[in-house]
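What follows is a single structure, written as structure tokens, with notes after it.
Quick caveat, the model's predicted, so the values are computed rather than measured.
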Amino acid sequence: MVALALVLSGCSWFDSDDSSSSSQSPEPSPTPTEFEQANVDSASGDAASITATAERTGPSFRSDNIGVSFEATDLADPRLDPAKSNLDEQLSALGSPALRFAGNALDRRTFWTSKGEKPKHGEKSTITPDDLKRLKKLVDVTGSTVTLGVPLGTYDPERGADMAAHAVDILGDSLVGLGIGNEPNGYTVDDVPDGAVREDGWNEDKYVGQLEAYAKAIHAKRPDAPIIGPDVYDGAWMTAFLDSGVKNKTALAQHWYQLYECDSTKVPGRGPQAANLIVPLAKEAAKKNLGIGKSKADAADLPLWLEETGPTSCSGTNDTSLTNASALWAADYTLYAATLGVERMAMHSMLGACKGGAPMSLICDPADRGDQSNEFQVRPNMLGLRLLVPSVGGEFTSTDVTGGGNMSAYTVVKNDGRTLVTTVINANDAAKVGGNPVTLSMPSGFEVDKATQVFGTSNDVKSATQVVPANPLPADVPFSGKEPAAASASAVPSDGAGDGKLRIDLAGSSVTVFIMRK
């Protein structure tokens with residue numbers, strides 16, 4: 001069970017293949033002034049009817065629902081400084097994203113010191129207060145909140161408390177959680193390179209004893225320090241954290257990866273094939289597994305934070321992560337998790353190479369191996385997340401999708417009810433259907449102000465996800481479905497000037513955001 005839990009939630013160190021990522025261009029050139037799709041010449045897919053309402057259904061979509069998790073060793077990277085790279089710009093394109101630093105490197109490669117000491121147990125990366133000061137520069141620019149891992153691999157509560165105290169003092173209000181260790185349920189498992197950091201017999205009880213010792217030492221220095229945990233997939237370890245004597249528990253931190261059966265080739269299934277990211281089974285699995293954490297968090301009256309997640313934890317899967325399907329998945333999964341009550345989410349990444357780097361990483365360095373550049377590139381999943389920024393600050397409403405094949409939609413209401421944002425994920429393969437005729441019904445008084453989209457020529461196309469920037473719709477939009485008499489395929493208001501419906505052929509293999517205003 002421990003081994004399975006680690007496989008389900010494990011971070012990947014690197015990808016062993018030689019695939020590479022080409023640059024993802026955020027906008028075409030020249031920049032258009034109208035929303036225009038590129039690949040809907042023949043929309044042969046099933047027709048869909050989407051009804052967007054202003055009827056609130058509960059959860060909100062927060063800025064922290066969009067986030068990035070990094071390896072703890074990335075704290076030592078000088079490129080965190082906004083003056084040293086474009087990382088701040090790439091992150092700011094996600095709004096004010098949640099940032100998290102931990103991962104497998106936390107307990108196996110990271111050494112903290114505020115006194116200039118050398119690593120005690122062969123750790124590869126030394127983190128100091130200066131590194132946290134550099135991180136503070138980044139979060140000041142991006143407006144992000146941060147969760148920070150404290151190493152538990154080598155047991156040293158006083159050193160951990162020293163790191164926590166400096167983090168509280170330096171990061172201030174931007175620090176929202178301290179995680180003690182990363183995936184402690186996998187400390188004796190060798191699936192992680194050089195991964196065993198505890199002897200056989202390590203279990204939940206021993207974890208709680210060391211967790212409480214760390215928390216006690218931290219709170220002796222900084223009584224209000226926020227503690228999160230246990231940063232695992234396994235429900236038994238979640239219960240152990242929640243039942244512990246740790247004070248000031250701030251959130252239940254869960255990990256989960258969508259595709260974890262690394263040897264499987266079954267479609268639909270949980271193997272690391274791109275098609276498995278967008279099958280309905282993926283959403284069913286998310287509901288079941290995130291429900292484990294949500295039910296335990298609710299019982300403890302704590303929020304559920306998905307501190308580490310991604311499309312796949314399997315090595316050798318850069319090809320999957322480079323596909324357009326990963327962009328569709330990132331948007332759909334993030335919104336769906338938020339509707340389930342997840343209040344913070346971080347997609348696991350690292351500041352590594354595009355070629356051979358972490359397969360799930362949102363960003364990567366295009367420099368040759370052994371070199372570094374200061375111009376990070378984004379991958380398709382990052383482009384999918386960027387489209388969610390207009391939904392930040394909104395509250396989910398009732399949205400119904402009828403027909404359309406593999407299609408889903410989410411709507412939020414914001415600005416005191418004056419703005420609706422509907423995100424449509426059309427996972428029907430553009431290579432097969434081109435697009436789908438869609439009828440979007442709007443509440444009374446609303447009309448489409450702007451639309452934006454990411455798309456690919458197919459679900460499987462690699463490093464070729466493209467962006468249609470936010471612009472007003474043209475006077476006439478293509479629509480190949482059945483159109484009632486006197487209806488118009490345009491973004492008309494529903495105040496008597498039209499029937500309150502937008503009829504449009506929507507490209508397959510796309511995520512489209514419609515911003516509607518009264």
Side-chain angles (χ1 to χ4, degrees), residues 24 37 39-40 43-46 48 50 256-262 264-290 306 309-314 317-340 345 347 359-360 362 379-388 399 401-410 422-436 438 453-467 506-513:
Q24 298 286 341
Q37 302 174 90
N39 57 338
V40 290
S44 61
D46 295 339
I50 300 174
W256 188 64
Y257 286 86
Q258 185 72 61
L259 305 179
Y260 51 80
E261 295 179 0
C262 300
S264 174
T265 58
K266 183 180 178 181
V267 179
R270 298 274 56 83
Q273 291 75 40
N276 283 333
L277 289 171
I278 54 177
V279 295
L281 178 63
K283 205 165 288 183
E284 295 172 16
K287 183 176 183 179
K288 176 183 177 181
N289 290 286
L290 298 184
L306 195 53
T309 191
T312 171
S313 56
C314 304
T317 53
N318 252 332
D319 281 354
T320 296
S321 296
L322 297 179
T323 62
N324 185 59
S326 71
L328 311 186
W329 169 82
D332 200 352
Y333 173 58
T334 300
L335 289 168
Y336 185 62
T339 67
L340 297 177
M345 176 184 280
M347 297 278 187
M360 80 288 290
L362 297 170
R379 281 176 163 162
N381 46 3
M382 180 85 148
L383 295 181
L385 289 182
R386 285 180 176 180
L387 280 199
L388 306 187
T399 304
V401 180
T402 303
N406 194 359
M407 189 179 297
S408 55
Y410 306 84
T422 294
T423 303
V424 182
I425 295 93
N426 186 358
N428 296 290
D429 199 332
K432 298 178 179 179
V433 303
N436 298 69
V438 173
Q453 183 183 80
V454 296
F455 71 95
T457 54
S458 72
N459 290 341
D460 294 334
V461 66
K462 298 172 187 174
S463 299
T465 299
Q466 302 176 59
V467 177
L506 207 56
S509 304
S510 72
V511 181
T512 310
V513 174

Short side-chain donor-acceptor distance under 3.5 Å, Ser458 and Asp429: no
Within 45° cone and under 6.0 Å: Lys283 NZ/CZ vs Tyr336 ring: yes
Backbone of Tyr260 reached by a side-chain donor or acceptor of Ser313 within 3.5 Å: no
Closest non-hydrogen atom pair between Val401 and Met407, with its separation: CG1-O, 4.1 Å
4.5 Å side-chain heavy-atom contact, Gln273 and Leu259: no
Thr334 side chain to Ala330 backbone, donor-acceptor under 3.5 Å: yes
Backbone of Ala325 reached by a side-chain donor or acceptor of Asn459 within 3.5 Å: no
Donor-acceptor contact below 3.5 Å, side chain Gln258 vs main chain Thr312: no
Under 3.5 Å: donor-acceptor pair, side chain of Asn276, backbone of Gly269: yes
Minimal non-hydrogen separation, Val267 against Ala275, with atom names: CG1-CB, 3.8 Å
Test item: Ser326 side-chain N/O and Ser321 main-chain N/O as donor-acceptor pair under 3.5 Å: yes
Sub-4.5 Å side-chain heavy-atom contact between Tyr333 and Met347: yes
Nearest atoms (heavy-atom pairs only) where Ser264 meets Lys266: OG-N, 3.2 Å
Asn436 versus Asp46, side-chain donor and acceptor atoms under 3.5 Å: no
Note, Gln453 side chain near Val511 side chain (heavy atom, < 4.5 Å): no
Heavy-atom pair with the smallest gap, counting every atom of Val461 and Gly456: CG1-CA, 4.1 Å
Polar side-chain atom of Thr320 near backbone of Pro272 as donor-acceptor pair, under 3.5 Å: yes
Asn324 versus Ser509, side-chain donor and acceptor atoms under 3.5 Å: no
4.5 Å side-chain heavy-atom contact, Ile425 and Trp329: no
Side chains of Ile50 and Thr399 in contact at under 4.5 Å (non-hydrogen atoms): yes
Steps toward side-chain contact (heavy atoms from CB on, under 4.5 Å) verdict (Leu388, Leu335): CA-CA 8 Å; Leu388 306 187; Leu335 289 168; 3.7 Å; yes
Pair Val424-Leu506, side-chain contact (heavy atoms from CB on, under 4.5 Å): steps then yes or no: CA-CA 9 Å; Val424 182; Leu506 207 56; 3.6 Å; yes
CA sep, side-chain torsions, deciding dist, call: Leu383, Val467, side-chain contact (heavy atoms from CB on, under 4.5 Å): CA-CA 8 Å; Leu383 295 181; Val467 177; 4.2 Å; yes
Donor-acceptor under 3.5 Å (Ser510 side chain, Val454 main chain): no
Heavy-atom side-chain proximity of Tyr410 to Thr339 below 4.5 angstrom: yes
Leu306 CG to Leu340 CG distance, which is reported to the nearest 0.5 Å: 10.5 Å
Heavy-atom closest contact (Met360 atom, Pro311 atom, distance): CB-CD, 3.6 Å
Distance in Å, Thr309 OG1 paired with Leu290 CG, rounded so as to fall on 0.5 Å steps: 7.0 Å
Leu362: which of Met382, Arg386, Arg379 passes side-chain contact (heavy atoms from CB on, under 4.5 Å): Met382
Close side-chain approach of Thr512 to Asn426, heavy-atom, < 4.5 Å: no
Short side-chain to backbone donor-acceptor contact, Asp332 and Ser408, under 3.5 Å: no
